Amino acid sequence: MNYNSTRDKNRVVTASQAIAQGISEEGGLFVPQEFPKYTLEDIKAMCELDYRGRAKKIMGDFLGDFTAEEINESVDSAYTAEKFGSDNPSPISYIENGNTKMAVLELWHGPTCAFKDMALQILPHLLTKSVKKAYNGKEAVILVATSGDTGKAALEGFKDVDGVKIMVFYPVDGVSPMQKRQMATQKGNNVNVAAIKGNFDDAQTGVKKIFTNADIKAKLAENNMLFSSANSINWGRLLPQIVYYFSAYCDMVKEGKIEVGESVNVAVPTGNFGNILAAFYAMNMGLPVKKFICASNSNNVLTDFIKTGTYDKMRKFYTTMSPSMDIFVSSNLERLLYHMTGAEKVAGFMKALSNEGKYTVDEEVKAKLDKYFWGGFCDDENTQKTIKDLYENENYLCDTHTAVAVNVYQQYVAETGDNTPVILASTASPYKFAQSVLTAVTDEKLPEDEFAMVDELSAKTKTAIPAPLAELKNAEVRFTFECAVDEMPKAVLDSLGIKA
Ligand SMILES: *Cc1c(COP(=O)(O)O)cnc(C)c1O
């Protein structure tokens, strides 16, 4: 099982090279050359396994140059009851609301209370093993630019992992107070955090520049280190996400909600297109999925793309209450297009996107998009209405991102009448966005302090504050460093103890 680049079919790498490298040299993303195929009998057998068993089966089929032992060890260290609250890291809540019935797949029971944990708890294990295989024991230096959730999830996943150092950059005024506190109090001996005086794009551009800076790369090489990336285009982040769609399907079978072989729909609040693409991959492997409902907030570049076939990133930017979806360039969409049309055309689309800010797919691709995808969006006002409605009528509290998906899914059902059972991805704990959620469920004046809001949300809704967030209140602040964008290279070298 090998991988090739979305922009050049002749660049072929092993699984461990794909994970260690993160991105292909010419800018393409790594995709599997083929998909393992599961019959209904295979899925039936998978239903008898627990989450870890299902993960071992699926990931083993993709990681050609990993031993069974390496896969077992990675899975068993990542998905523990200690880290995810139970042996099933992604439990389902069944909610009926208005004209809809939803299997809400809660992906936020991990250490940072957002769905990124599902991949970032296992990535460090896959990555260190990959670096060992592909680069013979060099120390990996992970740099992350974050708008909030990824940074914390990466820090928590990589903390105290041997053979890795990690540094996270976040925009000084661009993350929520809770997210800031999560990062500033991070524990671990191999972690570093810096706030940069700029926005998320500045942080991301700064990191990309360091990755490709020949001078800095040479300095790392002298010290037996190399850069690697934990961002959402790494194959090692996508692969673990395929598992929970199979697992959710199996859980629904076990819980008597569906029969093996019955079709489901999947609805996902989408930003970088990773989570929904993982569901599409699951379908390619044999999971009976009929339709993928792609939910956006007011930054609805994907809604327009799915409706018109034109991807146009030149538009007004909205800062919304679902910040993890405030994205204009959905990187993983490139992989979907590759599977629908091939490397040559994808290279052309990506070139047009970077030169002209947009591209249009042809009729054939548009027809494939129409067959599988339905896109919709939900603004902040309707996000809050949805949170309030679910809480007051179904006694279910959800976060802002999940509410976007619920709202868009309800639009889908209203428009199409399609009542196929749905797996709806719930991507964050409501407590991670306490202010927006509290505003939705109460008319009273909000307290000023973030932790007071968290307490109030718990008191009002009689739900428990997730332990990792409750602990933050009294955690020691370790990182207060701030720097300008052009000081980022020096900050990285300083943190590695290398002379600039
Ligand atoms: C990252 C994130 C998303 C978007 O997921 P993609 O895979 O980038 O589409 C949605 N919700 C939350 C809470 C997230 O952290």
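The chain is numbered in sequence order, starting from 1. For ligands, and for the atoms within them, numbers begin at 1 and follow the listed sequence. As the structure is a computational prediction, the values presented were derived from the model and not from experiment.
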- Is a side-chain N or O of Q411 found less than 3.5 angstrom from the main chain of F377, in a donor-acceptor match? yes
Hits for side chain to side chain contact (heavy atoms under 4.5 Å, CB included) against T420, two or more places apart or cross-chain, chain-then-number order -> S263, N265, K290, D418
Using a cut-off of under 3.5 Å, which N/O atoms of ligand 1 pair up with protein N/O atoms, and what distance separates each pair?
| residue | atom | partner | partner atom | Å |
| --- | --- | --- | --- | --- |
| ligand 1 | 7 (O) | G274 | N | 3.2 |
| ligand 1 | 7 (O) | N275 | N | 2.9 |
| ligand 1 | 8 (O) | N272 | N | 2.7 |
| ligand 1 | 9 (O) | G271 | N | 2.7 |
| ligand 1 | 9 (O) | N272 | N | 3.2 |
| ligand 1 | 9 (O) | F273 | N | 3.1 |
| ligand 1 | 11 (N) | T427 | OG1 | 2.8 |
| ligand 1 | 15 (O) | K116 | NZ | 2.6 |
| ligand 1 | 15 (O) | D149 | OD2 | 2.9 |
| ligand 1 | 15 (O) | S324 | OG | 3.4 |

Taken in chain and number order and not counting sequence neighbours, the residues that satisfy side-chain hydrogen bond (donor to acceptor under 3.5 Å, both in side chains) with H109 are E106
One should read off an interatomic distance between L29 CG and Y338 OH, to the nearest 0.5 angstrom, of 11.5 Å
By side-chain hydrogen bond (donor to acceptor under 3.5 Å, both in side chains), S247 pairs with (sequence neighbours left out) R54
Look at D304 together with K358 and state whether they make a salt bridge at an N to O cut-off of under 4.0 Å. no
